[in-house]
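Keep in mind that this is a model prediction, so the values were computed, not measured.
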Amino acid sequence: EAIAKDRVHPCTASASEVRKAKTEYSSAMLGLRILPVEKSSAGHVVCMKAIGAIRPAAPAIAETLHKSAQGQIAEASAMFAKNLAITESNEKDLRQLSKKIRSGVSENFGQLTTVEALRALKDGDSEQTDCQICWEALGSSEGSNGLVALTRCGHLCCRECMMNSLREKGICFLCRKRIVVDELVFVDPTKTDDQEQFARRQEEARTFLKQTATMLDSNYGQLTPKHWEFLYYGVPMPARVSQSAHNQLTAIPGHALAHLRNSTLMDIHANKNDPNGSGYRLSSKVRALLADIPRDESSVVFASSNTTVQHLLVVFEKAGIGCRALFAGLSERESQVAVSQWQSDDNVLVLIVQAGVAACGLTLTTASKMFLMEPFLKHEEEKQAYARLHRYGQTKEVLCKVYYTKVTVEDRLLEWRHRFENQDIMQEDDEDKPVFAPLRGVVASDDEKDDTGEDMVSRKTQFLLGLA
């Protein structure tokens with residue numbers, strides 16, 4: 001109105017009224033509000049002018065402005081609370097760093113490797129270690145309760161320092177690699193082996209096993225976790241064998257390593273590439289095989305894995321028994337040469353064959369004795385292996401021996417076969433019944449599906465794992 005009046009009647013008075021109106025207009029529009037911005041730095045807020053229409057005196061508009069102001073206050077309060085927590089955490093870190101600086105930083109700060117730091121924790125010398133986040137000894141930060149976090153990339157820090165770092169960044173504090181919480185290992189330096197508790201558990205296990213000894217022959221290895229635990233404790237500790245722990249693999253108890261040393265006769269630090277540097281002991285299966293292998297005629301040994309074949313090659317070489325092998329990876333020419341040497345050379349008595357490799361019409365009638373290192377997963381594979389020897393041209397009785405271990409998955413595999421072989425025999429005794437194939441494009445319902453395929457595989461797997 002003042003501007004319109006000044007245009008119609010321009011004068012000094014109307015110009016003065018225009019200036020006065022503009023001042024009132026600016027005062028009416030002026031209003032400061034707090035606007036949190038997500039990308040602003042921690043602890044910062046932005047103040048802006050509320051630009052909009054002149055605030056009228058209408059109650060409805062005033063109520064709207066009041067609600068808007070309340071929303072801005074609530075949003076700003078939440079932002080202040082979040083930044084306050086960050087500020088308090090930073091102030092706490094600054095106080096710790098200030099305290100560490102005043103007391104002096106060790107010259108060896110950060111010099112220990114991960115293995116050396118773990119060894120120091122195991123020896124109870126945690127003061128020699130340091131956390132790269134709080135600069136204190138590992139596990140000494142508030143809330144860590146003595147626990148030390150070990151990342152997959154091999155870096156150590158206090159447990160609470162690690163959790164705070166993950167909440168803020170989610171990456172390693174040193175190498176900046178991404179950290180997954182489930183992959184963290186928390187080390188408790190105060191945890192030690194309790195020999196008294198171990199001896200007590202051994203006595204409980206012996207008593208329990210005496211009461212349930214018949215279960216081992218009746219359930220084919222389907223034991224509860226408690227039974228397996230008592231079986232372990234029930235094995236007497238070997239005499240004159242060191243029970244000392246490994247200096248790097250500290251999580252493995254010393255009594256478990258004692259059994260390992262006793263069963264292999266190898267030093268726990270032995271190098272796999274230098275087998276002659278220490279003693280060794282063969283497994284019970286291999287010892288039985290060496291005792292059964294004839295020294296005056298040819299024989300065949302079947303194994304399900306290439307690893308077993310390579311192991312037997314070394315064993316026979318050390319025992320002075322000539323042998324050749326057929327395994328996955330050999331060319332057709334190499335396989336023919338191996339079989340030819342076994343058939344013609346009197347010094348080559350044993351042919352080691354990986355299951356499944358000798359499936360294409362291979363004839364091994366030179367031998368009449370065959371040995372299987374373990375029951376095969378499929379009984380048909382065993383029959384196929386037997387057919388390599390028992391075929392046209394064989395003049396002797398073929399003898400087969402299978403090695404298996406009681407109360408193991410091998411024992412349960414044999415029981416599974418026994419059950420379903422009996423079912424097959426019962427089905428053969430029944431009258432022949434017509435089998436109708438489903439129409440093309442029609443999918444059988446679950447009730448119409450037979451007990452083969454994926455369902456049978458699932459049942460078999462559960463049985464072998466002791467879950468059924």
Nearest 0.5 angstrom please: [X] [atom1] to [Y] [atom2], how far?
X	Y	atom1	atom2	result
Arg176	Cys153	CZ	SG	11.0 Å
Thr151	Phe173	OG1	CZ	6.0 Å
Met162	His155	CE	NE2	10.0 Å
Ser77	Leu84	OG	CG	11.5 Å
Cys157	Leu184	SG	CG	8.0 Å
Arg159	Asn164	CZ	CG	10.0 Å

Are the side chain of [X] and the backbone N or O of [Y] linked by a donor-acceptor pair below 3.5 Å?
X	Y	result
Ser140	Glu136	no
Thr114	Gly154	yes
Glu374	Ser304	yes
Gln310	Thr307	no
Arg287	Leu282	yes
Lys285	Met373	yes
Ser16	Thr12	no
Thr87	Asn83	yes
Glu381	Phe376	no

So, do [X] and [Y] sit near enough that their side-chain heavy atoms are less than 4.5 Å apart?
X	Y	value
Glu382	Leu372	yes
Glu410	Pro375	yes
Leu121	Leu138	yes
Ile171	Lys177	no
Val148	Phe186	no
Val181	Leu166	yes
Leu326	Ile352	no
Leu156	Thr129	no

Between [X] and [Y], what is the shortest heavy-atom contact and its length?
X	Y	value
Cys161	Ser144	N-OG, 4.5 Å
Asp6	Ala15	OD1-N, 3.4 Å
Val286	Leu312	CG2-CD2, 4.3 Å
Ala2	Val18	O-CG2, 3.3 Å
Ile133	Ser165	CD1-CB, 4.2 Å

Worked check of side-chain contact (heavy atoms from CB on, under 4.5 Å) between Val353 and Val301:
CA-CA 6 Å; Val353 182; Val301 178; over 6 Å; no
If you draw a 6.0 Å radius around [atom1] in [X], do more than 12 non-hydrogen atoms from other residues or ligands fall strictly inside?
X	atom1	result
Arg7	CZ	no
Gln70	CD	yes
Glu116	CD	yes

For Ile179 and Arg152, run side-chain contact (heavy atoms from CB on, under 4.5 Å): C-alpha distance rounded to whole Å, both residues' side-chain angles, the deciding distance at 0.1 Å, then the answer.
CA-CA 8 Å; Ile179 293 179; Arg152 188 175 182 179; over 6 Å; no
Are Glu160 and Ser141 close enough that a side-chain donor and a side-chain acceptor fall under 3.5 Å?
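Looking only at side-chain atoms, Ser141 and Glu160 do not form any donor-acceptor pair under 3.5 Å.
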